2 protein chains.
Amino acid sequence: MRKENSTNFLNEKDLANNCGMYYTITLIGGRWKISILAALLDHEVMRYSEIKTRLTNITERMLIKQLKELQDDGLIIRNDYKEVPPRVEYSISKKGRSLEKLLIEMQQWGKKHSKE
Amino acid sequence: MRKENSTNFLNEKDLANNCGMYYTITLIGGRWKISILAALLDHEVMRYSEIKTRLTNITERMLIKQLKELQDDGLIIRNDYKEVPPRVEYSISKKGRSLEKLLIEMQQWGKKHSKE
DNA sequence: CAGCATCCAGGGGGATACTG
DNA sequence: CAGTATCCCCCTGGATGCTG
């Protein structure tokens, strides 16, 4: 980032969309999204019920909603085996995995500063 | 992050607060916060009116609100010179500056993936 | 098992007008 | 110049009950 006297970090051209920063936030900013992503980064593949068990307190509506948004944004992959009884597995996508480093840093920053 | 078979990224103890990730999101997740932080990281010190000019489209209410929250969270510093006419300068705090690396990475990730 | 439907509160965010 | 004060919309997120 620059200091001298003008715009480098946020140049005029990119100002409108905050150089993509806001895009990133909108993708992971949902109430439960980072928890879901973290769980999937940790377990590779999880069934719906596993995620639900893991994220105590989340309601079914919210879980489905956040899963769908993550899927629409291409961060996770939904695999419906179309069996009876239903069996659906969720996994992280390439795009989702590319967020791993960022999430870890957010985690570290949060841990470090949340007690201040 | 781990793969073998269990929880490292999100261990049970930290699950409740998502290992601090959610804390981080709440601090920078406001509609205009990253723009303000980026502007202050870029300019060191800015007057209220400068920020307002820079962030076209933001309303006064929103600007003040987000500035106050950023200040309450310790990310920026407000310096009121108590002059007439008023003169108030905003600058980034140490805690705020420690977010710089993270913001740049969010920017890069967003730029790279927003066209997909 | 893996959802969907409905209802609802709260707050985030915006427009506009006013002030010390 | 640097804010306040109102008003208002809508969307997020939560509770609860139902279903293929």
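What you see is a predicted model; the values in this text were computed from it and never measured. Sequence lines set the chain letters: A, B, ... in the order given, protein chains first and strands last, and positions in each chain run from 1.
- OP1 or OP2 of dG13(D) sits under 4.0 Å from a side-chain N or O of Gln66(A).
- Taking every heavy atom of both residues into account, Asp80(B) and Arg78(B) meet most closely at OD2-NH2, 3.1 Å.
- Using a 4.0 Å cut-off between charged nitrogen and carboxylate oxygen, Arg97(A) and Glu100(A) count as a salt-bridge pair.
- Of all nucleotides in DNA chain C, those with any atom nearer than 4.0 Å to a heavy atom of chain B start and finish, going 5' to 3', at dG13(C) to dG20(C).
- Rounded to a whole Å, the NZ atom of Lys52(A) is 15 Å from the P atom of dG14(D).
- Heavy-atom minimum distance, Glu50(A) versus Val45(A): OE1-O, 4.2 Å.
- The distance between atom NZ of Lys82(B) and atom P of dG3(D), rounded to the nearest whole Å, is 11 Å.
- Comparing Arg61(B) and Ser49(B) against DNA chain D, the residue whose closest nucleotide sits nearer the 5' end is Ser49(B).
- In this pair, Tyr90(A) and Tyr48(A) present their aromatic rings tilted. The plane angle is within the 30 to 60° band.
- Scanning all heavy atoms of the two residues, the minimum distance from Ala39(B) to Met46(B) falls at O-SD, 3.7 Å.
- Contact annotation: Arg47(B) reaches the phosphate of dA2(D) (side-chain N/O to OP1 or OP2, under 4.0 Å).
- Atom CZ in Arg78(B) sits about 8 Å away from atom C1' in dA2(D), given to the nearest Å.
- Within 4.0 Å of Glu50(A), counting heavy atoms only, lies no atom of the nucleic acid at all.
- In this structure, Arg31(B) places its CZ atom 14 Å from P of dT12(D), rounding to the nearest Å.
- Rounded to an integer number of Å, the gap from Glu60(B) CD to dC1(D) C1' is 10 Å.
- A side-chain contact (heavy atoms from CB on, under 4.5 Å) with Leu41(A) is found for exactly one of Ile104(A), Ile34(A), Ile92(A), Leu99(A), namely Ile92(A).
- Nucleic acid contact for Lys68(A): sugar-phosphate only, since backbone atoms but no base atoms lie under 4.0 Å from a heavy atom of the residue.
- Within the nucleic acid shown, Glu69(A) has no heavy atom closer than 4.0 Å to any nucleic acid atom.
- As rounded to whole Å, 14 Å separates atom P of dC11(D) from atom CE of Met62(A).
- Contact detail for Lys95(B) and Tyr23(B): the closest heavy-atom pair is NZ-OH, 3.0 Å.
- Taking atom CG on Leu63(A) and atom P on dG13(D), their separation rounds to 13 Å, with Å as the unit.
- Note: NZ (Lys65(B)) to C1' (dT6(D)) measures 14 Å, nearest angstrom.
- Inter-axis angle, ends of the helix from dC1(C)-dG20(D) to dG20(C)-dC1(D), five pairs per end, rounded to 10 degrees: 50°.
- Cation-pi geometry between Arg31(B) and Tyr22(A) is met: the NZ or CZ atom falls under 6.0 Å from the ring centre, inside 45° of the normal.
- For the OP1/OP2 pair of dG3(D) and a distance below 4.0 Å, the side-chain nitrogens and oxygens of Tyr90(B) include at least one atom meeting the criterion.
- Across Leu27(A) and Lys33(A), no two heavy atoms sit closer than the pair O-CD, 3.1 Å.
- Taking all atoms of both residues into account, the shortest heavy-atom contact from Ser98(B) to His113(A) is OG-NE2, 3.5 Å.
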